[in-house]
Amino acid sequence: RHHLILGNFYNAARKFDPSYVDRAEEILTKAVELSPTNPQVYTSLGQTYLFKGDKDKAFVLLQKAIDLEPGYTKSSLNLAESYVMMGEYKKGKDAFEKLFNENKFPLTTYYISRLIFAYEQLGEYDKAIAWSKEVTESKDGQTSAAAHLQLAQLYKKAGFIDEARETALKAKSLDPSPDIKKEIDALLEEL
């Protein structure tokens, strides 16, 4: 347990000193040796390899965490999100869709945004728009200028200019931050 905690600390502190990723790898490798049936150590070590840019090792370890405890949804979410983060959009999309179809976790805007990004990167704008509309219609998304801006941008990419303009104007009416306001204004000018 102590190795896991320390390894996670090193992973988190990598922003301050990149050499901490090497320390995390060392500590978490030892954690795997000490507790070879604990899915959390495989997840943490997998994240370490993601930080190091070794996605093949990372994906093997993240899958190992799932294999050890298939009912623990967080491991499956970690793998799906990691696929998307590392540019494996098709794999990420498939993993998220499987989880959604099996109702294995609560739909949060955080994970939905990862799925939307995967759809967008794959050019599946119809699906990205459908999920983005879900976000803007959710309790959290109704007042989010950022959520409406994302939907407007997707409409634009899909060629729905009127919908893009209407949604961008809605985003502008939601009191956006200065940065988002600039993006909205730029989008409206393009449209």
Q: Only one of Tyr83, Phe117, Phe96 clears ring-ring contact (aromatic ring centres under 6.0 Å, His included) with Tyr89; which?
A: Phe117
Q: Kindly write out the residues that satisfy side-chain hydrogen bond (donor to acceptor under 3.5 Å, both in side chains) with Lys91, not counting sequence neighbours, or none if the list is empty.
A: none
Q: To the nearest 0.5 Å, what is the distance between CG (Asn78) and CG (Leu62)?
A: 6.5 Å
Q: Drop me the distance from Lys156's NZ to Leu188's CG, to the nearest 0.5 angstrom.
A: 11.5 Å
Q: For Tyr110 and Glu81, test the side chains for any donor-to-acceptor distance below 3.5 angstrom and give the result as yes or no.
A: yes
Q: Roughly how far, to the nearest 0.5 Å, is the OG1 atom of Thr48 from the CG atom of Asp54?
A: 11.5 Å
Q: Taking the six-membered ring of Tyr20, is NZ or CZ of Arg14 closer than 6.0 Å to its centre and within 45° of its axis?
A: no
Q: If the threshold is 4.0 Å, N to carboxylate O, is there a salt bridge linking Asp162 and Arg165?
A: yes
Q: Measure the shortest side-chain to side-chain distance between Ser144 and Thr136 over non-hydrogen atoms and say whether it is less than 4.5 angstrom.
A: no
Q: If we ignore angles and hydrogens, is there a donor and acceptor under 3.5 Å between the side chains of Glu25 and Tyr10?
A: no
Q: Taking side chain to side chain contact (heavy atoms under 4.5 Å, CB included) as the criterion, tell me which of Leu34, Val41, Asn8 meets it with His3.
A: Leu34
Q: So that I can tick it off, tell me whether Lys172 and Asp185 are bridged by a salt bridge, with the cut-off set at under 4.0 angstrom between side-chain N and carboxylate O.
A: yes
Q: Check the side chains of Tyr155 and Gln150 for a donor-acceptor pair under 3.5 angstrom, ignoring hydrogens and angles.
A: no
Q: Please name the pair of heavy atoms, one in Gly46 and one in Ala58, separated by the smallest distance, quoted to 0.1 Å.
A: O-CB, 3.2 Å
Q: Hey, could you give me the CD1/CG distance between Ile27 and Asn11, rounded to the nearest 0.5 Å?
A: 11.0 Å
Q: Under 4.0 Å between a Lys/Arg side-chain N and an Asp/Glu carboxylate O for Glu26 and Arg23?
A: no
Q: Does the side chain of Ser177 come under 3.5 Å of the side chain of Asp179 through a donor N or O and an acceptor N or O?
A: no
Q: Could you grab the distance from atom CG of Leu151 to atom CD of Glu166, nearest 0.5 Å is fine?
A: 10.0 Å
Q: Linking I/L/V/M/F/W/Y whenever any side-chain heavy atoms sit under 4.5 Å apart, do Leu99 and Tyr72 land together?
A: no
Q: State, to 0.1 Å, how close Ala65 and Ser75 come at their nearest heavy-atom pair, and which atoms those are.
A: CB-OG, 3.9 Å
Q: Using every non-hydrogen atom in the two residues, find where Arg114 and Val84 come nearest and quote the distance to one decimal.
A: O-CG1, 3.9 Å
Q: Where do Ala147 and Ser132 come nearest, in terms of heavy atoms and distance?
A: O-OG, 4.2 Å
Q: Are any side-chain N or O atoms of Ser35 and backbone N or O atoms of Ala31, one a donor and one an acceptor, separated by less than 3.5 Å?
A: no
Q: Enter the distance from Leu61:CG to Ile66:CD1 here, rounded to the nearest 0.5 Å.
A: 11.5 Å
Q: Check this for me, if you would: do Asp94 and Lys98 make a salt bridge, where the nitrogen-to-carboxylate-oxygen distance has to be below 4.0 angstrom?
A: no
